[in-house]
Amino acid sequence: MEFSAKQIAELIQGSVEGNENTTVHTFAKIEEGQPGAISFLSNPKYTHYLYETKSSIVIVNNDLTLEKPVSTTLIRVPNAYESVAQLLQFYESMKPRKTGIDPLASVAATAKIGENCYVGPLACIGEGAEIAEGTQIYPHAVIGDGVKVGSNAVIYPNVTVYQGCRIGNNVTIHAGAVIGSDGFGFAPNSEGYDKIPQIGIVVIEDNVEIGANTCIDRSTMGATVVHKGVKLDNLIQVAHNVEIGSNTVMAAQCGIAGSTKIGQWCMFGGQVGMAGHIAITDRTTVGAQAGITNSIKTSGQTIIGSPAWDAKGFMKSAAVFRHLPEMFQQIKDLQRQIEKLSAELEHRS
């Protein structure tokens with residue numbers, strides 16, 4: 001596929017600066033540019049590459065001021081990062097989609113498969129499962145009994161969706177993810193632990209993306225719910241009866257303990273740990289490796305640390321922490337001086 005600067009500018013509502021007939025057929029990072037490629041510039045740290053890149057077209061922000069001439073054609077837009085994301089989505093949508101049920105797939109007689117679906121070799125569709133139109137299920141994926149998957153979902157290889165779970169429209173689940181495994185429920189007794197049956201399900205709403213090897217446990221009763229628009233990175237653990245609000249995003253290796261409720265539009269850095277039975281309100285931003293042990297009730301906060309608290313307070317404390325050895329030595333010196341002065345006063349009296 002080949003597109004001109006004029007066509008691309010019309011698609012992303014930008015303005016061309018240079019040759020509008022310049023064509024491209026691939027993408028490249030600006031520092032690895034090549035003829036026939038389109039790149040973008042949104043981070044000021046990479047601005048110097050603009051003057052040496054070999055890419056034919058570069059998408060830049062409207063407010064970029066050129067320090068010297070460039071050889072590439074520019075497309076100016078309000079937000080280069082958003083525009084390149086739009087372009088990549090368009091490019092992805094142009095790829096041909098697989099359809100049909102492979103002869104090596106195992107599809108139960110009572111399962112319902114919609115039109116234009118793809119079921120890859122050695123994928124398994126259980127009894128009573130329902131797969132809506134346009135959904136793609138890749139090799140070795142397992143869709144359990146009674147599972148319902150919406151339209152235009154993508155289930156990558158080795159994904160397992162346990163019985164009864166619900167997957168919405170336009171959901172993407174990456175390789176190795178497990179949806180609906182048992183929640184971690186055990187009751188201690190005199191000889192060990194009794195397993196508490198987990199009889200609930202997992203509900204994944206529309207437009208959710210779940211990263212590779214992420215695990216979302218089924219609820220003890222009711223449902224573990226991931227609301228619409230949520231984006232989960234790889235290697236995340238979501239425990240039973242958790243609820244994640246719409247459009248929340250979470251980086252790799254976060255862990256959410258049971259029955260925690262997370263609001264809408266929250267952002268979590270990597271390796272954040274959350275205790276169980278707490279609530280985190282809307283639009284909370286959490287720094288990497290934070291440990292959240294109590295509910296967050298004020299919307300719009302940025303928190304960090306373990307236990308997590310206000311980011312500004314944490315950074316001030318961190319600055320003091322770095323000087324603790326010197327401060328400790330000063331305290332010891334002062335203590336010796338006080339002891340010396342006290343001894344002198346006693347001697348004089």
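Looking at F40 and I75, their side chains never come closer than 4.5 Å, going by heavy atoms from C-beta outward. In this structure, I38 and F3 have side chains that are not in contact, with every pair of non-hydrogen atoms separated by 4.5 Å or more. By the 4.5 Å heavy-atom criterion applied to side chains, I262 and M250 are counted as neighbours. You'll find the side chain of Q264 stays beyond 4.5 Å of the side chain of N247, heavy atoms only. K340 is not listed as a side-chain neighbour of R336, based on a closest heavy-atom distance of 4.5 Å or more. Under the 4.5 Å side-chain criterion, counting only non-hydrogen atoms from C-beta, S342 is in contact with I338. No side-chain heavy atom of Q13 sits less than 4.5 Å from a side-chain heavy atom of V77. No side-chain heavy atom of E205 sits less than 4.5 Å from a side-chain heavy atom of V226.
The heavy-atom pair separating T214 from L235 by the smallest distance is OG1-N, 3.2 Å. The nearest pair of heavy atoms linking Y156 to A175 is CB-N, 3.7 Å. Of all non-hydrogen atoms in C165 and G180, the two that sit nearest each other are SG-CA, 3.8 Å. Nearest heavy atom pair, residue A177 against residue I210, reads CB-CG2, 4.3 Å. Closest non-hydrogen pair, I137 versus A123, comes out as CG2-CB, 4.2 Å. The two residues K195 and F186 come nearest to each other via the heavy atoms CA-CD2, 3.8 Å.
In the hydrophobic cluster analysis, where Ile, Leu, Val, Met, Phe, Trp and Tyr join through side-chain heavy atoms closer than 4.5 angstrom, V171 is grouped apart from Y162. Linking Ile, Leu, Val, Met, Phe, Trp and Tyr residues whenever their side-chain heavy atoms come within less than 4.5 Å leaves V203 and I173 in two separate clusters. Cluster membership for Y193 and F184, using ILVMFWY side-chain heavy atoms within less than 4.5 angstrom, is shared. When the side chains of ILVMFWY residues are joined at heavy-atom separations under 4.5 Å, either directly or via intervening members, L104 and Y138 end up in two distinct hydrophobic clusters. Following chains of ILVMFWY side-chain contacts shorter than 4.5 Å, one cannot reach I196 starting from V242, and the two form parts of different hydrophobic clusters.
L50 belongs to a hydrophobic cluster whose remaining members, ordered by chain and number, are I30, L41, Y46, Y49, Y51, V58, V60, L64, L66, V70, L74; membership requires side-chain heavy atoms of ILVMFWY residues under 4.5 Å apart, directly or through intermediates.
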Discussion item. One pair to check against side chain to side chain contact (heavy atoms under 4.5 Å, CB included): K6 and N21. What are the steps and the verdict?
Written reply: CA-CA 6 Å; K6 181 180 180 180; N21 295 316; 5.6 Å; no
Item to complete: Would you please test I292 and T284 for side chain to side chain contact (heavy atoms under 4.5 Å, CB included) and show each step?
Response: CA-CA 12 Å; I292 306 176; T284 299; 6.0 Å; no
Item to complete: Test side chain to side chain contact (heavy atoms under 4.5 Å, CB included) on V149 and I131 and set out the steps.
Response: CA-CA 5 Å; V149 181; I131 313 298; 3.8 Å; yes
Discussion item. Would V249 and K231 count as a side chain to side chain contact (heavy atoms under 4.5 Å, CB included) here? Give the steps.
Written reply: CA-CA 5 Å; V249 295; K231 313 299 180 188; 3.9 Å; yes
Practice prompt. Would you check, one step at a time, whether the test side-chain hydrogen bond (donor to acceptor under 3.5 Å, both in side chains) holds for N169 with S151?
Written response: CA-CA 5 Å; N169 303 317; S151 61; 3.2 Å; yes
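To the nearest 0.5 Å, atom OH of residue Y118 and atom CG of residue D102 are 6.0 Å apart. Distance check, rounded to the nearest 0.5 Å: CD1 of I101 to OG of S106 gives 11.0 Å. One distance of note links CD of Q253 with CD of Q237; it measures 12.5 Å at 0.5 Å rounding. Considering CD1 of I155 and CD1 of I125, their distance stands at 9.0 Å, rounded to 0.5 Å. For the atom pair F268 CZ and I303 CD1, the distance stands at 7.5 Å (nearest 0.5 Å). Here the CG-CD1 distance, from D282 to I296, works out to 13.0 Å after rounding to the nearest 0.5 Å.
Q337 and D333 share no donor-acceptor pair across their side chains, judged by distance under 3.5 Å alone. A donor-acceptor contact closer than 3.5 angstrom links the side chains of D217 and S181.
No donor-acceptor pair under 3.5 Å is formed between the side chain of N158 and the backbone N or O of G176. Remark: the backbone N or O of A80 is not paired with any side-chain donor or acceptor of S83 at under 3.5 angstrom. A side-chain donor-acceptor contact under 3.5 Å links S219 to the backbone of M221. Side chain of R97 to backbone of K95: no donor-acceptor contact under 3.5 angstrom is found. A donor-acceptor distance shorter than 3.5 angstrom exists from the side chain of Q136 to the backbone of K98, with no hydrogens or angles considered. A donor-acceptor contact shorter than 3.5 Å links the side chain of N43 to the backbone of K45. Between the side chain of T72 and the backbone N or O of S56, at least one donor-acceptor pair lies under 3.5 Å. For T110 (side chain) and G128 (main-chain N/O), a donor-acceptor pair under 3.5 Å exists by modelled atom type. Remark: the backbone N or O of G263 is paired with a side-chain donor or acceptor of T248 at under 3.5 angstrom. Remark: the backbone N or O of A275 is paired with a side-chain donor or acceptor of T260 at under 3.5 angstrom.
Around the CD atom of E339, the shell of radius 6.0 Å holds more than 12 heavy atoms that belong to other residues, nucleotides or ligands. Residue E2 places its CD atom among more than 12 non-hydrogen atoms of other residues, nucleotides or ligands, all under 6.0 Å distant.
A side chain to side chain contact (heavy atoms under 4.5 Å, CB included) with I167 is found for one member of I179, V202, T135 and no other, namely I179.
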